[in-house]
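Just below is one structure, and these are the notes that go with it.
Proteins get letters first, then strands, A, B, ... in listed order; numbering begins at 1 in each. Quick note: numbers below take in every heavy atom, side chains included, and nothing from hydrogens, waters or symmetry partners.
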2 protein chains.
Amino acid sequence: MLSTEQIINTMSSQGLRITDQRKTLARLFAESPGYLTPKDVYEYMGKTYSGLSFDTVYRNLRVMQDLGVLEQVIFEDGVKFRAHCSEDHHHHHMICLKCQKTYPIVFCPMQLADAPEQFQVVDHKFEVFGYCKDCAEYAPAKVSTGHSHDHGKH
Amino acid sequence: MLSTEQIINTMSSQGLRITDQRKTLARLFAESPGYLTPKDVYEYMGKTYSGLSFDTVYRNLRVMQDLGVLEQVIFEDGVKFRAHCSEDHHHHHMICLKCQKTYPIVFCPMQLADAPEQFQVVDHKFEVFGYCKDCAEYAPAKVSTGHSHDHGKH
DNA sequence: TTTAGTGCAAAGTTTTTGCACGGTA
DNA sequence: TACCGTGCAAAAACTTTGCACTAAA
């Protein structure tokens, strides 16, 4: 993942002004292992900046995503952000349902999924959800209670 | 995909009452090749049921999803629904960005993605986005204009 | 000094909830 | 008849926009 400095340098070099708030944002994302909701960010930032408003958080998240320093992922329960991967090569993620830490998967299934009948592939998504070794204890019992933790089959 | 009758039978056998509106809903989803937003459904249903309210649409979508006759997919631009696949075996989807028709992919990458460091896999998502042969003409030019049609890399 | 960033207020979207009436089983 | 499904109204949750002031460069 990108470091605080990498995030700030990118923003600066793209002409954005480096405010205190943006420095804190950069540090927050550089040091957060998992995904953060806009609300998470708002609450964390609010501890330091008393008059903080939600729209500024949204604006900065949007700007940082457009710049490529943050990446947005849409979960079943809403939109979340994290620092962009610093790895150059294409890869996918395993995402822990408890701590939301991500682990890279170098393997890409697209090489193997033969596109049927002239389907022109533009993009693809491959994500694995589960519990990392630190969170294995939180894994639900074998018998599922219903639709919980169902992050989209098929 | 499930047929109108299969949808209605399932709902009925689960104790739901079969109203006119639900019959129409069942037919709509059984005959729609692509994904529908709640708004799409509301607008279509509104043509027949003048006093229709949005909350009823949401309630029925929710109920039908809980029952398993509909499946919900979260796109970058919002939540969408379609009739549940009738195929029994596990599979994935290619989704056309223009007409939203889906094509099954029997290949499942999970067999090949070796889970690293004791990661306990619960679920996975593999989706391919692009243009089907009928919509190839709508595919954007080679040089991308920016973040459009980026349905989440990695 | 110039212009981008911020807080504030308000509005726009999307989704949910409570209640009373009407229709299904 | 009993109770679920519906419309209506309102609220809740989430996100965006306009404006004036402040601060970065």
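- Among the nucleotides D:dT6, C:dT16, D:dT15, the one closest to the side chain of A:V79 is D:dT15.
- Rounding to whole angstrom units, CG of residue B:L52 and C1' of C:dG22 are separated by 16 Å.
- End-to-end axis angle of the helix from C:dT1-D:dA25 to C:dA25-D:dT1, using five pairs per end and rounding to 10°, comes to 40°.
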Atom pairs, N/O to N/O, protein against nucleotides 10-13 of chain D, distance under 3.5 Å?
none

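- Within 6.0 Å of the OH atom in B:Y138, the count of heavy atoms belonging to other residues, nucleotides or ligands does not exceed 12.
- Across the interface with DNA chain C, nearest-nucleotide mapping of B:R62 and B:S12 shows B:R62 to be the residue nearer the 5′ end.
- Listed here is the closest heavy atom pair of B:H92 and B:C108: NE2-SG, 3.4 Å.
- In the model, B:S32 has no side-chain atom that pairs as donor or acceptor with a side-chain atom of B:Y44 under 3.5 Å.
- Near DNA chain D, defined here as any heavy-atom distance below 4.0 Å, the residues from residues 13-22 of chain A are A:R17, A:I18, listed numerically.
- For the pair A:F54 CZ and C:dG7 P, the computed distance is 13 Å after rounding to whole Å.
- Taking atom CD of A:E43 as the reference point, atom P of D:dC14 lies 10 Å away to the nearest angstrom.
- Residues B:G78 and B:R59 each lie close to DNA chain C; by heavy-atom proximity, the contact nearer the 5' end of the strand is made by B:G78.
- If you measure from atom CG of A:D66 to atom P of C:dG5, you get 12 Å, rounded to the nearest angstrom.
- We find that CD of B:Q72 is positioned 15 Å from P of C:dT14, with the value rounded to whole Å.
- Remark: of the listed residues A:R17, A:Q6, A:R22, A:R22 is the sole one forming a side-chain contact (heavy atoms from CB on, under 4.5 Å) with A:M11.
- Remark: B:K80 is positioned above the aromatic ring of B:F75, its terminal NZ or CZ atom under 6.0 angstrom from the ring centre and at most 45 degrees off the axis.
- Using a 4.0 Å cut-off between charged nitrogen and carboxylate oxygen, B:R62 and B:D66 do not count as a salt-bridge pair.
- Nearest heavy atom pair, residue A:L2 against residue A:S86, reads CD2-CB, 4.0 Å.
- Residue A:Y58 contributes atom OH, which lies 18 Å from atom P of C:dG12 at whole-angstrom precision.
- In the hydrophobic clustering of ILVMFWY residues, with side-chain heavy atoms under 4.5 Å counting as a link, A:Y58 and A:L25 come out together.
- Phosphate proximity of C:dG7 to A:S53: present, with a side-chain N or O under 4.0 Å from OP1 or OP2.
- Taken together through direct or relayed side-chain contacts under 4.5 Å among Ile, Leu, Val, Met, Phe, Trp and Tyr, B:M110 and A:V106 form parts of separate hydrophobic clusters.
- Defined by atom type and a distance below 3.5 Å, a donor-acceptor pair is missing between the side-chain atoms of A:N9 and A:S12.
- For B:M64 and D:dG5, the CE to P distance is 12 Å, given to the nearest whole Å.
- Ring-plane geometry between A:H91 and A:H89 is classed as tilted, the angle between the planes lying from 30 to 60 degrees on a 0 to 90 degree scale.
- Judged by distance alone, the side chains of B:Y49 and B:T24 do bring a donor and an acceptor atom under 3.5 Å apart.
- Rounded to a whole Å, the NZ atom of B:K23 is 12 Å from the C1' atom of C:dA25.
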